[in-house]
Amino acid sequence: MVQYVRQRGSALVLVLISLALITSSLIGLFAMMDYQIDKEVEESHRFRAYQLALTGISYGSHPDIEPDSPLLTQTFGPGETLKVEKKSENTRIPINTFLVGGKKETFTRLFELWGLDIQDAVTLVERLSDWVDIDDLKQLNGAERIDYVRIGRSGQPRNGAFTSLNEIRYVLGMETLDELKEGWLDSFTLWSDGTLDLSQSDAEPISAVLDVPLSTAEAFIQYRDGRDGINNTDDDVVFQSALQALSNLGLNGQKQNEALSLVSLEASQFRVTSIATVGSTTYRMEIIVNGSGENTGSSLIWIKP
């Protein structure tokens, strides 16, 4: 009898162990299935967001689509949104053009506006200049090959024009700007005709490029953007010429003549940024297109992805 009871007890233990193993396997299987389903949903959302972002790029790069067009902000369904920004690339300072073309003081003024003292601003500008010039002659406070080798960075500076905005970060000392100006790289461009678009630019680049007080540039923008204070709306002041815009900035005579080559009232290029969201997935694309909207050859530059 005792032997029989032991046998039954052992069998029950084996059954319980088997049930535990089966349950554990099922839990693992369900977890794997949930993971696979979540992954497929995520991939589906990403592909859909990619499609919508491409749609936004198509809208934004079309020459007949204005920056305030309702096509650039849409909701396609539950959790599906598209937001496209179309902005003149000429609102940014053309860093290569100005460094090589003798407009280095623009950057000194800009860095001072961001909070650097005059000496530190001059030092950064000289290091930027040493990066793009074609020789190995070091400016007074600049940085040439020996300075980069000293900190373990060979093959720098380029001794040529910047080929990407992110390359500017490699210039010795530029990291100091991170604490002063969030998104400071967005103040520069490599893709414009070298002029500043006075119809859309912010106060800081206007002040730095034209050497006018920041308060003057801010007053100019307040006047330009009309009563609603929003740029590119119906109540904006439309300047008939660059001369008229410069006069509103208080520039006349010789200063006005010198500034004419630095400014414009339209975009030579547009930056089109398309952001699509599907569920929790966001996809971002960014391109540069000619002001004419032509998307052929070099007129189309993919920035992101």
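Computed from heavy atoms alone, side chains included, the values below leave out hydrogens, waters and symmetry copies.
Checked for salt-bridge contact, E204 and K181 meet the test: a charged N lies under 4.0 Å from a carboxylate O. Between E286 and R271, at least one side-chain nitrogen of the basic residue sits less than 4.0 Å from a carboxylate oxygen of the acidic one, meeting the salt-bridge criterion. The pair D147-R127 does not count as a salt bridge, with every side-chain nitrogen at least 4.0 angstrom from each carboxylate oxygen. Ion pairing between a basic and an acidic side chain is recognised when a charged N comes within 4.0 Å of a carboxylate O; D211 and R109 show such pairing.
At distances below 3.5 Å, at least one donor-acceptor pair connects side-chain atoms of K86 with backbone N or O atoms of I65. Panel note: side chain E126, backbone N141; a donor-acceptor pair is recorded below 3.5 Å. Between the side chain of S207 and the main chain of A203, no donor-acceptor pair closer than 3.5 Å is present. At distances below 3.5 Å, not a single donor-acceptor pair connects side-chain atoms of N96 with backbone N or O atoms of A161. Between the side chain of Q156 and the main chain of R153, no donor-acceptor pair closer than 3.5 Å is present. Counting only distance, with no hydrogens or angles, the side chain of T108 and the backbone of V122 share no donor-acceptor pair below 3.5 Å. A donor-acceptor contact shorter than 3.5 Å is absent between the side chain of D225 and the backbone of Q222. Proximity of a side-chain donor or acceptor of T282 to a complementary backbone N or O of V278 within less than 3.5 Å is not detected.
Residues D130 and L137 share a closest heavy-atom pair of OD1-O, 3.4 Å. Residues Y170 and Y148 share a closest heavy-atom pair of O-CE2, 3.6 Å. Considering all non-hydrogen atoms of both residues, L172 and L124 come closest at O-CD2, 3.9 Å. Annotation for V84 and S274: closest pair CG2-OG, 4.0 Å, computed over non-hydrogen atoms. Taking every heavy atom of both residues into account, L99 and S129 meet most closely at CD2-OG, 4.0 Å. Listed here is the closest heavy atom pair of L251 and Q256: O-NE2, 2.9 Å.
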Check against side chain to side chain donor-acceptor pair (under 3.5 Å), T75 and T81
CA-CA 4 Å; T75 299; T81 62; over 6 Å; no
For Q244 and V237: C-alpha separation, side-chain torsions, deciding distance, then whether side-chain contact (heavy atoms from CB on, under 4.5 Å) applies.
CA-CA 11 Å; Q244 182 187 9; V237 173; 5.6 Å; no
For I146 and V149: C-alpha separation, side-chain torsions, deciding distance, then whether side-chain contact (heavy atoms from CB on, under 4.5 Å) applies.
CA-CA 5 Å; I146 188 172; V149 169; 5.6 Å; no
Before you tell me yes or no, could you show the steps for D197 and T91 under side chain to side chain donor-acceptor pair (under 3.5 Å), namely the whole-Å CA-CA distance, both residues' side-chain angles and the distance that decides it to 0.1 Å?
CA-CA 5 Å; D197 183 355; T91 61; over 6 Å; no
Between K255 and L210, is the side-chain contact (heavy atoms from CB on, under 4.5 Å) condition met? List the steps.
CA-CA 9 Å; K255 284 190 174 182; L210 298 179; over 6 Å; no
Step-by-step side chain to side chain donor-acceptor pair (under 3.5 Å) determination, T281 to R48
CA-CA 9 Å; T281 301; R48 174 61 174 161; over 6 Å; no
E167 and R158: side-chain contact (heavy atoms from CB on, under 4.5 Å), yes or no, with the steps?
CA-CA 10 Å; E167 185 185 334; R158 173 184 292 279; 2.7 Å; yes
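Using a 4.5 Å cut-off on side-chain heavy atoms (C-beta onward), L262 and K103 make contact. Residues E80 and L52 meet the side-chain proximity criterion, which asks for heavy atoms closer than 4.5 Å. Proximity of T176 to D120: side-chain heavy atoms (C-beta onward) are nowhere separated by under 4.5 Å.
By the rule that hydrophobic residues join a cluster once side-chain heavy atoms approach within less than 4.5 Å of another member, L140 and F111 end up as members of separate clusters. Linking ILVMFWY side-chain heavy atoms closer than 4.5 Å, directly or via other members, places V272 and L54 in a single hydrophobic cluster. The hydrophobic cluster containing L243 also contains V212, counting ILVMFWY residues as joined when their side-chain heavy atoms lie under 4.5 angstrom apart, directly or transitively. Tracing side-chain contacts under 4.5 Å through hydrophobic residues (I, L, V, M, F, W, Y), one never reaches M285 starting from I275; they form parts of separate clusters. Residues I206 and I230 do not share a hydrophobic cluster, clusters being chains of Ile/Leu/Val/Met/Phe/Trp/Tyr side chains in contact below 4.5 Å.
In the model, D135 has no side-chain atom that pairs as donor or acceptor with a side-chain atom of N159 under 3.5 Å. If you check the side chains of N290 and Q269, you find a donor sitting under 3.5 Å from an acceptor. Remark: the T189 side chain and the E89 side chain contain an N/O donor-acceptor pair separated by less than 3.5 Å. Side-chain contact check for R92 and S201: no donor-acceptor pair (N or O, by modelled atom type) lies under 3.5 Å. Remark: the D68 side chain and the N232 side chain contain no N/O donor-acceptor pair separated by less than 3.5 Å. Using modelled atom types and a 3.5 Å distance limit, the side chains of D193 and T195 yield a donor-acceptor pair. Side chains of T55 and Q51: no donor on one and acceptor on the other come within 3.5 Å. For the residue pair T233 and D228, a side-chain donor N or O sits within less than 3.5 Å of a side-chain acceptor on the partner.
Applying the ring-ring contact (aromatic ring centres under 6.0 Å, His included) definition to pairs two or more places apart or across chains, those involving residues 221-242 are F220-F239.
F188 and F107 have tilted rings, their planes meeting at an angle from 30° to 60° on a 0 to 90° scale.
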